[in-house]
Amino acid sequence: VQVVESGGGLVQPGGSLTLSCTASGITFEIYHLGWYRQAPGKERELVARITSGAITNYADSVKGRFTISRDNAKNTVYLQMNRLKPEDTAVYYCNAYLFSKYWGQGTQVTVSS
């Protein structure tokens, strides 16, 4: 199983960024998917998740700004991030879970002027 995130980078406050995560080696469409983040000195926290049935939920801190979506034909989950704030700076991790959990290596997002 391989989970690979991409799309991180440096963006100014108020800007947008889209993260992608591709998972291989699993039956993608039956897995639930999540985006987590970990800032320096802080614990990893859930940002957003989407079930196999496309039900979504979000952390309060990102509601209305971030959107999670999935494309089962491409084995990919996305995180569209708008109106980014400096406090969104973190390493963002993708997670695929059902009976087991699989994690990617993470992608750095830095929000700074």
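Heavy atoms only: backbone and side chains are in, while hydrogens, waters and symmetry mates are out. One is the number of the first residue; the rest follow in order along the sequence.
- Residues meeting the ring pair (Phe, Tyr, Trp, His ring centres under 6.0 Å) test with Tyr78, sequence neighbours left out: none.
- Between Ala96 and Leu33, the closest heavy-atom pair is CB-CD2, 3.8 Å.
- Within the structure, every pair that satisfies the salt bridge (charged side-chain N to carboxylate O under 4.0 Å, His left out) test and touches residues 30-39, not counting sequence neighbours, is listed here: Arg37-Glu45, Arg37-Asp88.
- In this structure, the side-chain contact (heavy atoms from CB on, under 4.5 Å) partners of Arg83, at least two apart in sequence or on a different chain, are Arg65.
- Transitive grouping of hydrophobic side chains (ILVMFWY, heavy atoms separated by less than 4.5 Å) brings Val1 and Leu98 into a common cluster.
- Here Arg70 contributes atom CZ and Asn75 contributes atom CG; the two are 9.5 Å apart, rounded to the nearest 0.5 Å.
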Side-chain donor/acceptor pairs under 3.5 Å, residues 13-27, sequence neighbours excluded:
| from | atom 1 | to | atom 2 | distance (Å) |
| --- | --- | --- | --- | --- |
| Ser16 | OG | Asn82 | OD1 | 2.9 |
| Thr18 | OG1 | Gln80 | OE1 | 2.4 |
| Thr22 | OG1 | Thr76 | OG1 | 3.2 |

Listed pairs under 3.5 Å, donor-acceptor, residues 51-60 side chains, sequence neighbours left out:
| from | atom 1 | to | atom 2 | distance (Å) |
| --- | --- | --- | --- | --- |
| Thr51 | OG1 | Gly53 | N | 3.2 |
| Thr51 | OG1 | Ala54 | N | 3.3 |
| Thr51 | OG1 | Ile55 | N | 3.0 |
| Asn57 | OD1 | Arg49 | NE | 3.0 |
| Tyr58 | OH | Ile68 | N | 3.0 |
| Asp60 | OD1 | Lys63 | NZ | 3.2 |

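- Contacts of Thr110 classified as side-chain hydrogen bond (donor to acceptor under 3.5 Å, both in side chains), with partners at least two apart in sequence or in another chain: Gln108.
- Other residues, nucleotides and ligands place more than 12 heavy atoms under 6.0 Å from the CD atom of Glu87.
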Show your working on side chain to side chain contact (heavy atoms under 4.5 Å, CB included) between Met81 and Val109 and close with a plain yes or no.
CA-CA 10 Å; Met81 305 184 293; Val109 172; 4.0 Å; yes
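- Screening residues 1-10 for side-chain hydrogen bond (donor to acceptor under 3.5 Å, both in side chains), with sequence neighbours left out, gives no hits.
- Residue pairs that meet the ring pair (Phe, Tyr, Trp, His ring centres under 6.0 Å) test with at least one member in residues 6-33, sequence neighbours left out, are His32-Tyr97.
- Among residues two or more places apart in sequence or in another chain, the ring pair (Phe, Tyr, Trp, His ring centres under 6.0 Å) test is passed with Tyr102 by none.
- Legend: salt bridge (charged side-chain N to carboxylate O under 4.0 Å, His left out) pairs involving residues 100-113, not counting sequence neighbours: none detected.
- Pairs passing the disulfide (SG to SG under 2.5 Å) check and including a residue from residues 24-63, sequence neighbours excluded, do not occur.
- Under a 4.5 Å side-chain heavy-atom cut-off, the cluster of Ile, Leu, Val, Met, Phe, Trp and Tyr residues that includes Tyr93 is completed by Tyr36, Leu46, Val91, Trp103.
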